[in-house]
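Positions are given from 1 along the sequence. Start at 1 and go down the list; that is how both ligands and their atoms are numbered.
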Amino acid sequence: MILHDRIADILPSWRDRVNRLVKENGDFKVCDVTVSQIYQGIRGVQIQVTDISYVDPYEGIRLRGYTIPELLEKLPRLPGCQFPLAGGLYFLLMTDSLPTFEEAMEVENEWKKYAAIPDHVIKMMHAMPRNTHPMTLFSQAIMACQVDSVFTRRYMEGLPKSDYWIPTLDDSIQLTAKLPALAAMIYNWKYRNGSVIEPNPNLDWSGNFAWMIENPNSHEYEELCRLFFLLHSDHEGGNVSAHTAHLVNSALSDIYLTSAAAMNGLAGPLHGLANQECLRWLLKVYNNFESFPSEEEVIDFARAELNSGRVIPGYGHAVLRTTDPRFTAQYEFAKKYLPDDELFRLVSRIYDVLPGVLKENAKIKNPYPNVDAINGTLQYHYGVREFDFYTVLFGVSRVLGISAHAVWARALNKPIERPKSLTTAMLEERVSGKPDTIEVEM
Ligand code: CMX
């Protein structure tokens, strides 16, 4: 397929580039690590390389070098649609070049071949208790598809290491193809009549999710899906889901095992689950007032929340120091499609005043909104009101990015990850001046 050909074309020069960098500069120190960093989540320690995306604190995410506004402008779209095809984004993430419309459609058509959900996956979900969290079901569904892993089969057949990336890409295509259908299957079983709706061959990958949950606002909701699945696809390598994926994949676990592990990380409340908390908080503000709150009322409410030791969901970020461009893109969507929606008006009012309130507390490094400050509002407007499902939508999108990282990790023969741990006593000795006696083999 076209993706295999493109990667095969550029791979030799990438391998040369990386090999030369390591050979000529292997001893060059990139950064030091402090005791605080060790105890504070290895925050900011520069230990990974990925060329799929980069988050600049003041500009936000760039995917393969393109900002969100550039991607929305340059990636191909279907006639009559405002937002790009996910197939085009996937092409860009995998091959480092912008696709033509035909190339984006080639990916979309390849996905269509593998979109159907195997029967055993549906049966497995039906065997679960109905109150299982949708993220648990999503992770399980991905794991259940692992039985078809091409990588695992070809690895057992003795595939040479230099070719590992090829079945990794095959697996990525085949798993990605099923993600909207898996998500819709879970949604319909948890919250609707349980039907498993076949993908519509006339719709693209993103738009198909709207179709498979029978969303009545189909055209607008399809557009939102195109935007949402683009915005959440990747956020460089250090966040919990991407980092988990990288670690698990480094053990040569296939894309299914890798993606399920990443989804388990995404399901944590400090990571992907945060978007459901944001909408809950927004509704709390909304329901607190009898009529639409004034700026002063929002400010007083926010101050009271902060004074009682609560965080304000949707604001702040570990890396960003500006408004998240993924927030801005969805904000623009809302201004166009749902300007009079009361919750969106509240998002807007909060955005006008909350950064000022958060700036009053010097320890909050980023007083601006992140993507989660608006995600749920848009889903809610279009009738997807089951908060605990929102992280599944995030996950559908995130697999695009993490599998691109994995294909390239295999293409560049990245080895198994194995950092070194120390004991507290060792650190105490080290800070008191005892020499470091640990030998690290390179
Ligand atoms: N409301 C209240 N306090 C906040 C805050 C917020 N929105 N954002 C940061 N702070 C506080 C932190 O809790 C921390 O307090 P302590 O020192 O008492 O622990 C202090 O300000 C410093 O935090 P920081 O360095 O600015 O931010 P961190 O990197 O530690 O944390 C994040 C980042 C996102 C977890 C934090 O801003 C937060 O909890 N925000 C609200 C939850 C949220 O929106 N999560 C979604 C993140 C989206 C994503 O990861 O993509």
Do any nitrogen or oxygen atoms of ligand 1 lie under 3.5 Å from a protein nitrogen or oxygen, and which ones?
residue, atom, partner, partner atom, Å
ligand 1, 1 (N), I312, N, 2.9
ligand 1, 7 (N), I312, O, 2.9
ligand 1, 7 (N), Y315, O, 2.8
ligand 1, 18 (O), K363, NZ, 2.7
ligand 1, 25 (O), K365, NZ, 2.7
ligand 1, 26 (O), K365, N, 2.8
ligand 1, 29 (O), R43, NH1, 2.8
ligand 1, 40 (N), Y315, O, 2.9
ligand 1, 44 (O), G314, N, 2.7
ligand 1, 44 (O), N370, ND2, 3.0

N/O donor-acceptor pairs under 3.5 Å from side chains in residues 343-352, not counting sequence neighbours:
residue, atom, partner, partner atom, Å
R345, NH1, E342, OE2, 2.8
S348, OG, Y331, OH, 2.6
R349, NH1, P293, O, 2.9
Y351, OH, T323, OG1, 3.1

| field | side chain to side chain contact (heavy atoms under 4.5 Å, CB included) involving H317 - partner list, sequence neighbours excluded | value |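 Here the qualifying residues are H235, V319, L320, R326, N366, N370.
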Within the distance-only criterion (no hydrogens, no angle test), does the side chain of [X] pair as donor or acceptor with the backbone N or O of [Y] below 3.5 angstrom?
X    : Y    : result
D56  : G60  : no
W281 : G314 : no
E236 : V55  : yes

| request: Please name all residues satisfying ring-ring contact (aromatic ring centres under 6.0 Å, His included) with Y191, sequence neighbours left out, ordered by chain then number. | output: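 ring-ring contact (aromatic ring centres under 6.0 Å, His included) list for Y191, sorted by chain: Y187.
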